[in-house]
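Below is one structure, written out as structure tokens; comments come after it.
Along the sequence shown, residues are numbered consecutively beginning with 1.
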Amino acid sequence: MDAPLIDALGAELFHALRSRKTLAPLSERYPHITLDDAYRISLRFLQRREALGERVVGKKIGVTSRAVQEMLDVHQPDFGFLTDAMQVADASEVSLSHYNLIQPRAEGEIAFILGEDLHGPGITASDVLAATEAVMPCFEIVDSRIDAWKIRIQDTVADNASCGVFALGTQRIDPRELDLARVEMHLLKNGQPAGSGLGSAVQGHPCAAVAWLANTLGELGIPFRRGEIILSGALAPLVPVGPGDRISLSMSGLGQSSLRFVP
């Protein structure tokens, strides 16, 4: 794709976010779109958010578990950027209109706070563990600017990995104190069981998922920085949410997180 089209599609996604309207899949409109094209579109999308004063505070990997890949029919991970405007407080009310959420879905995952920079490629899971200051439970509320979540990998990468908002639990745990692959998560929606999973659901180990992201972005010249938040991927299938819904999760050894949704 040439630069004008990349710019135009980045602008389309930005305006879809701001107006809470969805777009026909980019992969249908432009069948030859590549992953590199999609990444360049996502950067244009991000630049428009930064122009409004948003600041990048971390990165995310998504579509890491088999359950989520089968749900979305996307069979490789995606990646995107987190900004300060996407973060909401744990146990808070999330206004769908304020945060421009269109068709949100909740996912529970393990978040990492980096204590050191990581520069891929060549990063291993052991490197990630050594560089991590703390881990905590996290709700990511993913959202898609693409009609009815009809996405291929190019669509979700262009759409900043379908980022919506995220909330970090208040606990801060040293990741060397527990086996992250064996962490158990239980998720509730309106008090009823809505999903469960293990840390091993994300590429065998959350640190392996974060290493993949560090290496993937490192090949694009983007390092992980000390203090950044890294979201490692959903441990269970995504749960649709809407006004009036309350979600909560617990993770063994890590603690709890919850959110409530309002119009």
Side-chain angles (χ1 to χ4, degrees), residues 35 39 57-72 74-82 107-140 142 153 156-157 160-163 166 168-169 171-187 195-238 249 251-255 257:
L35 204 53
Y39 173 68
V57 296
K59 285 99 178 180
K60 66 153 285 187
I61 180 174
V63 202
T64 49
S65 70
R66 181 173 297 177
V68 175
Q69 289 180 353
E70 290 176 352
M71 174 180 265
L72 297 178
V74 173
H75 299 285
Q76 65 189 93
D78 64 9
F79 50 89
F81 297 91
L82 306 174
E107 56 184 40
E109 52 194 280
I110 298 171
F112 289 65
I113 304 292
L114 296 181
E116 301 174 14
D117 292 356
L118 285 174
H119 297 262
I123 298 299
T124 66
S126 295
D127 295 330
V128 170
L129 186 64
T132 299
E133 177 180 305
V135 291
M136 67 286 300
C138 170
F139 262 122
E140 184 186 359
V142 293
I153 186 65
T156 183
V157 168
N160 194 35
S162 305
C163 285
F166 68 96
L168 303 180
Q171 302 83 357
R172 298 290 185 272
I173 306 298
D174 185 335
R176 290 157 284 273
E177 293 181 355
L178 71 168
D179 183 350
L180 294 178
R182 299 183 68 180
V183 167
E184 286 188 61
M185 181 194 74
H186 296 280
L187 194 155
S196 61
L198 296 172
S200 58
V202 287
Q203 298 193 354
H205 195 288
C207 287
V210 174
W212 179 91
L213 183 59
N215 292 327
T216 297
L217 292 181
E219 290 175 353
L220 298 168
I222 299 172
F224 282 5
R225 297 298 189 191
R226 180 173 181 251
E228 284 193 326
I229 302 160
I230 310 297
L231 306 188
S232 61
L235 306 188
L238 313 183
L249 63 78
M251 289 187 180
S252 57
L254 288 180
S257 182

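Atoms CD and CD, on Glu133 and Glu228 in that order, are 13.0 Å from each other to the nearest 0.5 Å. Here the straight-line distance linking atom CG of Leu82 with atom CD of Glu140 works out to 7.0 Å at 0.5 Å rounding. For the atom pair Cys138 SG and Met185 CE, the distance stands at 11.0 Å (nearest 0.5 Å). Atom-to-atom distance recorded for Glu109:CD and Phe139:CZ is 10.0 Å, nearest 0.5 angstrom. A distance of 11.0 Å separates CG of Leu249 from CD of Glu107, quoted to the nearest 0.5 Å. Between the CD1 atom in Ile230 and the OG1 atom in Thr132 there is a gap of 9.0 Å [rounded to 0.5 Å].
The side-chain heavy atoms of Gln171 and Pro137, taken from C-beta on, include a pair separated by under 4.5 Å. In this structure, the side chains of Arg225 and Leu114 stay at 4.5 Å or more apart for every pair of heavy atoms. Residues Leu213 and Lys59 are in side-chain contact: their nearest non-hydrogen atoms beyond the backbone lie under 4.5 Å apart. Annotation: side chain of Ile110 is in contact with side chain of Ser232 (closest heavy-atom distance under 4.5 Å). Between Phe79 and Leu220 there is a side-chain heavy-atom pair separated by less than 4.5 Å. Side-chain atoms of Leu198 and Leu235, non-hydrogen and from C-beta on, never get closer than 4.5 Å to each other. Ile229 is listed as a side-chain neighbour of Ile113, based on a closest heavy-atom distance under 4.5 Å. Looking at Phe224 and Ile123, their side chains never come closer than 4.5 Å, going by heavy atoms from C-beta outward.
Judged by distance alone, the side chain of Ser162 and the main-chain N or O of Val142 form no donor-acceptor pair under 3.5 Å.
Residues satisfying the side-chain hydrogen bond (donor to acceptor under 3.5 Å, both in side chains) test with Thr124, not counting sequence neighbours, are Asp127.
Other residues, nucleotides and ligands contribute over 12 non-hydrogen atoms within 6.0 Å of the CZ atom of Arg172.
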**Asked** Hey, mind stepping through Phe112 and Leu180 against side-chain contact (heavy atoms from CB on, under 4.5 Å) and telling me if it holds?
**Response** CA-CA 11 Å; Phe112 289 65; Leu180 294 178; 3.9 Å; yes
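Of all non-hydrogen atoms in Arg226 and Asp117, the two that sit nearest each other are N-OD1, 2.7 Å. When all heavy atoms of Arg182 and Ser252 are compared, the pair lying nearest together is O-OG, 4.2 Å.
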